[in-house]
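One structure is given below, encoded as structure tokens.
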Amino acid sequence: MDEKTRATDLKGRAFDLPVDTEHKACSIKIWSFKRPHMRAFHLSWFSFFTAFISTFAAAPLMPIIRDNLNLTGADVNNAGIAAVTGTILSRVGMGSVCDVYGPRLFIGFSLATFVATQFWSTVMFNGKIVGTANATTAGWGNLGGGVTQFLMPLIFTGMKSYGPAFKAWRLCFFVPGALHIFVGILVLFFAQDLPDGDYREVIKSGKMLKARNWDVMKNGILNYRTWCLAITYGFCFGVELTMNNIIAPYFFDQFEMNIEIAGVLGACFGMMNLFARSLGGITTDMVAARFGMRGRLWVLWTIQTGEGLLCILLGRLSGNLAATIIVMIFFSTMVQMAEGASYAVVPYVSRRSLGVVSGIVGAGGNAGSAVLQAIFFGDSFSTQDGISAMGGAVVGLTLLVIPVYFPMWGGMFCKPNPNITEEDYYLADFTEEERAQGIADSVVKFAKEAQSERAADFRPKPTETVETVV
């Protein structure tokens, strides 16, 4: 296509990737760092990666910290719960911040970074590949939970040359702190919120109106799909957070190995994020290409139920190190795939309240971890029995995927209503007055693109794409 016909952002810069009518990218060029799409892609996952490293930096050092501070088992369990519980409200708040101010402002705010990461990739990539984009940015971010399992023991070993153990483990935390500062500078000065520019620029241009905070929050809270997905996400991402806190100490105590080896084996759980969460997103996008949203829901239920069954098995293998490692790897793969499949559904719950929905569902992951650790990893269960019991809970609560129903697309067992369209569903979040004022104009474009979530036989015939790049 001639250079003059290429789509551009507000400053006249041509997009590097093919784009749709919302200027969302229609493909992912993984080795590209060009603005806006791929730069946002890479900075979003690296921000989350950094947040994961810092949040779970203490977990692999816990045997050292425990002995130095004379902590009891209950103290250690409560610390693990506190590490994830504090993020629940901040994730919900982050959703509103993203809807009103954009995803970059607070993207480094602990594990609430996840919400900004998912929001950012959702507004940058077309619905046909949003599952892959969301899963990959989140998965590579979650990878930090695995990296920190072996990174912090290595840093600790190095720091011991500068002082005794009680001083060395404290010095270790300067490393993730410095990494946060570095990433924050990159995000603030070298990226933008939306394909067309920053929030304030797009609002000033008249292409988008400033969101009304309470209306946005209300729509997200009152949509029951938000809460079904928040609970089910608590039993995939919540399981991952729980395992990040217990896995290295479990290997250390159960199999009597040193902290460095326990950290490396524990890292294997988180390292599956290198590909597994992306695999979940890719799988759901592939199935949706034929079966639409109903296919996405079936993929989510199947993968997460499999996760629960493997979790039950993992707890029964506590006397066999080799079998434990093998099952742990497959279990971790299913956990991450379920997370990727979850956030292939989340972007379609509400376009107006995308950030709020993402925040509540993300907070569900942290809440799930807090509940799991409090119930199964306190004094009532041994660690191996707690793992198996956690798997049973996963199987049971994943049934909440079944009532998730989109009237224009259907649900797992229910067919769609032919009298309801995508516009009907998404514009229902706006009053007639708001529609007349143009507040819903951008949502109309989204609704048109969302027709791809119909089963293949019921989609409109594709038309020639006007805004694209070669």
Side-chain angles (χ1 to χ4, degrees), residues 114 118 122 127 130-132 134-135 138-139 220-242 276-277 279-312 331 333-350 353-354 356-369 371-372 390-417 425 450 453-455:
F114 169 76
Q118 297 298 272
T122 296
V130 73
T132 301
N134 280 355
I221 291 174
L222 295 181
N223 193 316
Y224 83 92
R225 301 165 191 83
T226 301
W227 299 102
C228 288
L229 292 171
I231 294 171
T232 58
Y233 194 65
F235 289 84
C236 56
F237 186 63
V239 168
E240 178 180 4
L241 295 179
T242 300
R277 188 156 183 162
L279 184 60
I282 292 169
T283 301
T284 189
D285 282 346
M286 291 176 61
V287 173
R290 177 69 181 87
F291 299 103
M293 178 55 69
R294 297 183 74 183
R296 292 190 191 274
L297 294 173
W298 272 102
V299 168
L300 173 56
W301 177 82
T302 302
I303 292 174
Q304 191 156 314
T305 299
E307 165 206 324
L309 296 175
L310 286 171
C311 187
I312 294 173
F331 165 51
T333 300
M334 298 296 275
V335 170
Q336 328 302 347
M337 287 183 67
E339 294 166 6
S342 297
Y343 268 80
V345 177
V346 167
Y348 295 100
V349 172
S350 172
S353 304
L354 171 62
V356 172
V357 174
S358 295
I360 292 174
V361 174
N366 289 72
S369 179
V371 171
L372 290 171
M390 180 170 67
V394 170
V395 173
L397 272 297
T398 299
L399 293 172
L400 282 174
V401 175
I402 295 175
V404 176
Y405 174 78
F406 293 90
M408 62 289 195
W409 301 322
M412 283 181 62
F413 296 103
C414 301
K415 295 182 179 180
N417 184 337
Y425 176 79
E453 293 304 306
R454 300 178 186 178

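All residue numbers refer to positions in the sequence shown, counting from 1.
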Taken in chain and number order and not counting sequence neighbours, the residues that satisfy side chain to side chain donor-acceptor pair (under 3.5 Å) with Thr242 are Ser369

Is the backbone of Gly411 close enough, under 3.5 Å, to the side chain of Arg294 for a donor and an acceptor to pair up by distance?
-> yes

Measuring from Ile402:CD1 to Met412:CE, what's the distance to the nearest 0.5 Å?
-> 5.0 Å

Do Leu372 and Val239 have side chains that get closer than 4.5 Å, going by heavy atoms?
-> yes

Starting at CG of Leu279, measure out to CE of Met286 and round the result to the nearest 0.5 Å.
-> 9.5 Å

Between the side chains of Asn134 and Thr122, does any donor sit under 3.5 Å from an acceptor?
-> yes

By side chain to side chain contact (heavy atoms under 4.5 Å, CB included), which residues pair with Ala341, not counting sequence neighbours?
-> Val299, Leu300

Test ring-ring contact (aromatic ring centres under 6.0 Å, His included) applied to Phe413 - qualifying residues, sequence neighbours left out | Trp298

In this structure, CD of Glu307 is separated from CZ of Phe235 (nearest 0.5 Å) by 10.0 Å

Does any non-hydrogen side-chain atom of Ile221 lie less than 4.5 Å from one of Thr226?
-> no

Verdict with reasoning, Val395 to Leu309, per side chain to side chain contact (heavy atoms under 4.5 Å, CB included) = CA-CA 7 Å; Val395 173; Leu309 296 175; 4.1 Å; yes

Candidate pair Asn366 and Phe237, rule side chain to side chain contact (heavy atoms under 4.5 Å, CB included), full reasoning | CA-CA 8 Å; Asn366 289 72; Phe237 186 63; 4.0 Å; yes

So do Cys236 and Ser342 actually touch side chain to side chain, heavy atoms under 4.5 Å?
-> yes

Heavy-atom donor-acceptor pair, Thr232 side chain to Leu229 backbone, under 3.5 Å = yes

In terms of heavy-atom contacts, Leu400 and Pro403 come closest through O-CD, 3.1 Å

Are any non-hydrogen side-chain atoms of Cys311 and Val394 less than 4.5 angstrom apart?
-> no

At what distance, to the nearest 0.5 angstrom, does CD of Glu240 lie from CD of Glu339?
-> 4.5 Å

Test side chain to side chain contact (heavy atoms under 4.5 Å, CB included) applied to Trp409 and Phe291, step by step = CA-CA 10 Å; Trp409 301 322; Phe291 299 103; over 6 Å; no

In Å and rounded to the nearest 0.5 Å, what is the OH to NZ distance from Tyr405 to Lys415?
-> 11.0 Å

Hits for side chain to side chain donor-acceptor pair (under 3.5 Å) against Ser350, two or more places apart or cross-chain, chain-then-number order -> Asp429

How would you list, by chain and number, every residue that makes a salt bridge (charged side-chain N to carboxylate O under 4.0 Å, His left out) with Arg296, sequence neighbours excluded?
-> Asp285, Glu453

Residue list, side chain to side chain donor-acceptor pair (under 3.5 Å) with Thr398, at least two apart or on another chain = Gln304

Does Val287 reach the side chain of Thr284, with side-chain heavy atoms less than 4.5 Å apart?
-> no

Hey, can you tell me if Phe406 and Tyr425 have their rings parallel, tilted or perpendicular (30° and 60° cut-offs)?
-> perpendicular

Whether Tyr343 and Tyr233 hold their rings parallel, tilted or perpendicular, with breakpoints at 30° and 60° = perpendicular

Please report the shortest heavy-atom distance between Val346 and Ser358, naming the atom on each side.
-> CG1-OG, 3.8 Å

Spatial distance of atom CD1 (Ile303) from atom CE (Met334) [nearest 0.5 Å] | 6.0 Å

Trp301/Leu297 under side chain to side chain contact (heavy atoms under 4.5 Å, CB included): CA gap, chis, key distance, verdict = CA-CA 6 Å; Trp301 177 82; Leu297 294 173; over 6 Å; no

Shortest non-hydrogen pair, Ala138 vs Phe114, comes out as CB-CE1, 3.7 Å

